[in-house]
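Note that the structure is a prediction, hence the values are computed from the model and not measured. First the proteins, then the strands, lettered A, B, ... as listed; each starts at 1.
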Amino acid sequence: MKNPFVEEIARQLAGPTGLAPDQVARSLSIPPAETQTDYAFPCFALAKTKRLKPTEIAQELAQHVHPGEWIESAAVNGPYLNFRVARGKFIAWALERVREEKTSYGCSDEGAGRTVVVEFSSPNIAKHLGVHHIRSTMIGNALTHIFTALGYKVVSINFLGDWGTQFGILMAAYRKWGTAATLEGDAVSNLNALYVRFNQEAKENPALRDEGRAWFKRLEDGDAEAVALWEQFRAISLAEFQKVYDLLGVKFEVLSGESLYDKLMPATIARLEKLGLAKIDQGALIVDLSTHKMPPVILRKSDGATLYDTRDIAAAEDRWEKYHFARMAYVVGGEQKLHFRQIFTTLQMMGYDWAKECVHVDFGMLRFQGAKMSGRQGQVVMLRQVLTEAIDRARQAIDQKNPALPNKEAVAAAVGIGAVVFNDLKRQRSKDVDFDWDAILSFEGETGPYVQYAHVRLCSILRKYGQPVDAAADLSLLTEPEEFALAKALADFNSVIRRAADGCEPSAVSQYLLELCGLFSTYYHKHKVLTEDAPLTAARIRLVDSLRQVIANGLRLLGMQTPEEM
RNA sequence: GCGCCAGUAGCUCAGUUGGAUAGAGCAUCGGAUUUCUAAUCCGAUGGUCGGGGGUUCGACUCCCUCCUGGCGCGCCA
């Protein structure tokens, strides 16, 4: 979205500074609010080349600025040249853009014709989704929306952990202790219990591990019994995952998994061997990465079975063949940083130019009272349980604050789940987070419900107004400083989305929404929208409608719902 | 030991490519509702931006070093 105010400043300054207009535009900064100005041109860089004091340059440049339709005035402030835009014009421009573009406001087509692959969620089968899975799932889900908003074709992949020795262990355990009842009722929990029991007993009796490995070998070799068991486990797990994905509103374009690459791995290994990159070391087939100061990639264990390194390499090759992506994002926890460096480096060594388009979108881990929270030790809080609890809390809040609300259940789900999702997306993804019921279920302050509540209030005003939004309203009546501040925030939306995409960082959007809703809440308390003054009301309604639209667009990017009442 | 990441208010965090007097939420205290939903708002309290050097007109931001915490380091994923 081109900002004509910035363009005008750039156009006027280009001559006197000797810079290209877009160079000027890029060096503009936002001055502090107290200056009552909107854009600042800092003169430090020019001071070097022109060998003058920055303050002198600012004064000199000020002579060349001609206020006009777009720019109200320019004022020297020390080494800065501060511009004040024509506020009425700016507000009209910003609101008009939102009115025209509606649900696509903030979007662009800069990614048109290019594909982004996003791999996320990626749970292991035969286990429940734990709270920690929310991180990959919702960060990845938000990224698919964000890239889609910028015009990219997005391929979202759920890459299931459905292969590996762990399933050999599971089969061995099932064959030992499993009954018909195991696969009924809460089958995933039953299977997981067997898995945990097996690991415990294996501590006493290490020979059990060999049984597990043997079963996995049978699976890799296509043994009918092993395959049948594995397929059963997988189907049971998928059905269970789907319930949670439905609650969260997450959809995948491709349901894939490590098992799929079992057949492609021999070819991948053959290519690596042909390139002279693979060698035998201590009985295992490895790719030596010592020149890159990394431990080797293990392609094949000494017992002949493969590991996930090999499967990830094969999967990457396959996806390139299928999608020719401009970017491929792996939304996986930060503890796997080394793994992805190894994989990307290996792909690079194989001569794949596209390896540099692969990014590991890492995120901090979820702790539970200081302890690492992930599946292996069995100490997990189930994601479904957290969501259910959040919905219950939201329902209680509704009963207390708005008992007459229609659609209580749907709203409770939107608000409760929204709280959990927003809580996960509001901070930079690389931060570790301590699992805290109070924080996750909080509906006050910087939370999802806070943003949804702002949306609800906006909807409520529009409902009470009861007339169509007037496209011809006289926006020059919007003269309050808060109205201008809101318009400026609205105008930022597209650059926020771009920043979120560049850094694969959904928190850029959540932080923006908090800021926007904060500005609105202040405005809401200070100024009344529905007044006796019809033209003023019509103009403010335009502002309200624009805010509603942008907040809704932002929430959708995060994968959250936008209730109209709560 | 080596590598990577982090350290900002009592707690949890923002802080655009280095820019003007470092901002929010929670907590604490004090206020606001005959008015568009108080899941809200306003005010107060609260800071050696981990320590020390350096780069520069200017550093929370970049470099070096030290301290603290986390993660990772060949047959788990």
Q: On RNA chain B, check which nucleotide each of A:G334 and A:A394 is closest to and give me the residue with the more 5' one.
A: A:A394
Q: Could you give the side-chain donor-acceptor pairs of residues 402-422 of chain A under 3.5 Å, partners two or more places apart or in another chain?
A:
unit_1 : atom_1 : unit_2 : atom_2 : d
A:N402 : ND2    : A:M566 : O      : 2.8
A:K408 : NZ     : A:D399 : OD1    : 2.9
A:K408 : NZ     : A:P403 : O      : 3.1
A:E409 : OE1    : A:R395 : NH2    : 3.1
A:E409 : OE2    : A:R395 : NE     : 2.5
A:E409 : OE2    : A:R395 : NH2    : 3.3

Q: Would A:R457 count as a cation-pi partner of A:Y524, with NZ or CZ less than 6.0 Å from the six-membered ring centre and within 45° of the ring normal?
A: yes
Q: Quick one: list whatever passes side chain to side chain contact (heavy atoms under 4.5 Å, CB included) with A:A305, sequence neighbours left out.
A: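 Listed in chain order: A:F216, A:E220, A:K301, A:D303.
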Q: By the 4.0 Å heavy-atom rule, please label A:Y524 as base, sugar-phosphate, or nothing.
A: base
Q: What's the gap between B:C57 and B:U48 when it is taken at their P atoms, as a whole Å value?
A: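 Their P atoms lie roughly 29 Å apart.
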Q: With sequence neighbours excluded, tell me which residues meet side chain to side chain contact (heavy atoms under 4.5 Å, CB included) with A:P535.
A: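 Residues passing side chain to side chain contact (heavy atoms under 4.5 Å, CB included) with A:P535: A:L477, A:D533.
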Q: With C1' as the reference atom in both, quote the distance from B:U8 to B:U61 in angstrom, rounded to an integer.
A: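 Going atom to atom, C1' in each nucleotide, I get 12 Å.
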Q: Can you tell me the distance, in whole Å, between the CG atom of A:L289 and the P atom of B:C73?
A: 15 Å
Q: Base, sugar-phosphate, or nothing for A:P79, non-hydrogen atoms under 4.0 angstrom?
A: nothing
Q: Determine, for A:D470 against A:R542, whether the closest basic-nitrogen to carboxylate-oxygen distance falls under 4.0 angstrom.
A: no
Q: Any residue in residues 399-423 of chain A with a heavy atom nearer than 4.0 angstrom to RNA chain B? Just list them by number, or reply none.
A: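 Here the set is A:K401, A:N402, A:V415.
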Q: Looking at B:G15, I'd like to know if its phosphate oxygens (OP1 or OP2) sit under 4.0 Å from a side-chain N or O belonging to A:Q428.
A: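 Yes, A:Q428 has a side-chain N/O under 4.0 Å of OP1/OP2 on B:G15.
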Q: Closer than 4.0 angstrom, basic N to acidic O: yes or no for A:R499 and A:D502?
A: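 No, no charged N to carboxylate O under 4.0 Å.
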Q: Using a strict threshold of under 4.0 Å (side-chain N to carboxylate O), is an ion pair present between A:R26 and A:D22?
A: yes
Q: In what stems does RNA chain B take part, counting only runs of at least 3 consecutive Watson-Crick or G-U pairs whose two distances fall under 3.5 Å?
A: B:1-7 with B:67-73, B:10-13 with B:23-26, B:28-32 with B:40-44, B:50-54 with B:62-66
Q: Starting from P on B:C36, measure out to CZ on A:R457 and report it in whole angstrom.
A: 11 Å
Q: When you measure from every atom of RNA chain B, which of residues 537-545 of chain A have a heavy atom less than 4.0 Å away?
A: none
Q: Can you name the residues that form a salt bridge (charged side-chain N to carboxylate O under 4.0 Å, His left out) with A:D210, not counting sequence neighbours?
A: A:R213
Q: Suppose you measure atom C1' in B:U65 against the same atom in B:G23; what distance do you get, rounded to whole Å?
A: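 Taking atom C1' in both B:U65 and B:G23, they lie 30 Å apart.
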Q: Quick one: label A:L338 by what it contacts on the DNA or RNA (base, sugar-phosphate, nothing), any heavy atom closer than 4.0 Å.
A: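 Sugar-phosphate, no base atom in range.
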Q: Applying a 4.0 Å non-hydrogen cut-off, can you work out what A:L462 is touching in the nucleic acid: base, sugar-phosphate, or nothing?
A: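 Nothing, no heavy atom under 4.0 Å.
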Q: Once you apply a heavy-atom cut-off of 4.0 Å, does A:A40 come out as touching a base, just sugar-phosphate, or nothing?
A: base
Q: Output, in order, the C-alpha distance, side-chain angles, deciding distance and verdict of side chain to side chain contact (heavy atoms under 4.5 Å, CB included) for A:M560 and A:H455.
A: CA-CA 12 Å; A:M560 287 169 60; A:H455 180 263; over 6 Å; no
Q: With sequence neighbours left out, which residue pairs that include part of residues 305-314 of chain A fulfil the salt bridge (charged side-chain N to carboxylate O under 4.0 Å, His left out) condition?
A: A:E258-A:R311
Q: So what does A:K337 touch, heavy atoms closer than 4.0 Å: a base, only the sugar-phosphate, or nothing?
A: sugar-phosphate
Q: B:C41 phosphate, OP1 or OP2: any side-chain N/O from A:Y523 under 4.0 angstrom?
A: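 Result: no.
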Q: On the nucleotide B:A14, are OP1 or OP2 found under 4.0 Å from the side-chain N or O atoms that A:K426 carries?
A: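 Checking B:A14 against A:K426, no side-chain N or O comes under 4.0 Å of OP1 or OP2.
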Q: Would you tell me if any nitrogen or oxygen in the side chain of A:Y453 comes within less than 4.0 Å of OP1 or OP2 on B:C41?
A: no
Q: OP1 or OP2 of B:A77 sitting under 4.0 Å from any side-chain N/O of A:Y308?
A: no
Q: Between A:R300 and A:V456, which has a closest nucleotide on RNA chain B that is more 5'?
A: A:V456
Q: NA contact type, A:S430, heavy-atom cut-off 4.0 Å: base, sugar-phosphate, or nothing?
A: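 Nothing, no nucleic acid heavy atom in range.
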Q: Which pairs pass side chain to side chain donor-acceptor pair (under 3.5 Å) with one or both residues in residues 412-426 of chain A, sequence neighbours excluded?
A: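 Output for this query lists A:R135-A:D424.
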Q: Looking at B:A77, I'd like to know if its phosphate oxygens (OP1 or OP2) sit under 4.0 Å from a side-chain N or O belonging to A:R311.
A: yes
Q: Donor-acceptor pair, distance only, cut-off 3.5 Å: does the side chain of A:R84 make one with the backbone of A:A75?
A: no
Q: Can you name the ring-ring contact (aromatic ring centres under 6.0 Å, His included) partners of A:F241, sequence neighbours left out?
A: none
Q: Less than 3.5 Å between a donor and an acceptor, one on the side chain of A:N82 and one on the base of B:A20, is that the case here?
A: yes
Q: Polar pairs (N or O, both sides) under 3.5 Å between protein and nucleotides 24-32 of chain B?
A:
unit_1 : atom_1 : unit_2 : atom_2 : d
B:A24  : O2'    : A:E446 : OE2    : 2.8
B:G25  : O4'    : A:E446 : OE2    : 3.4
B:G25  : O2'    : A:E446 : N      : 3.4

Q: May I have the distance from A:L513 (atom CG) to B:C13 (atom P), rounded to whole angstrom?
A: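 About 20 Å, once rounded to whole Å.
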Q: Apply ring-ring contact (aromatic ring centres under 6.0 Å, His included) to A:Y512 and list each qualifying residue two or more places apart in sequence or on a separate chain.
A: A:F493
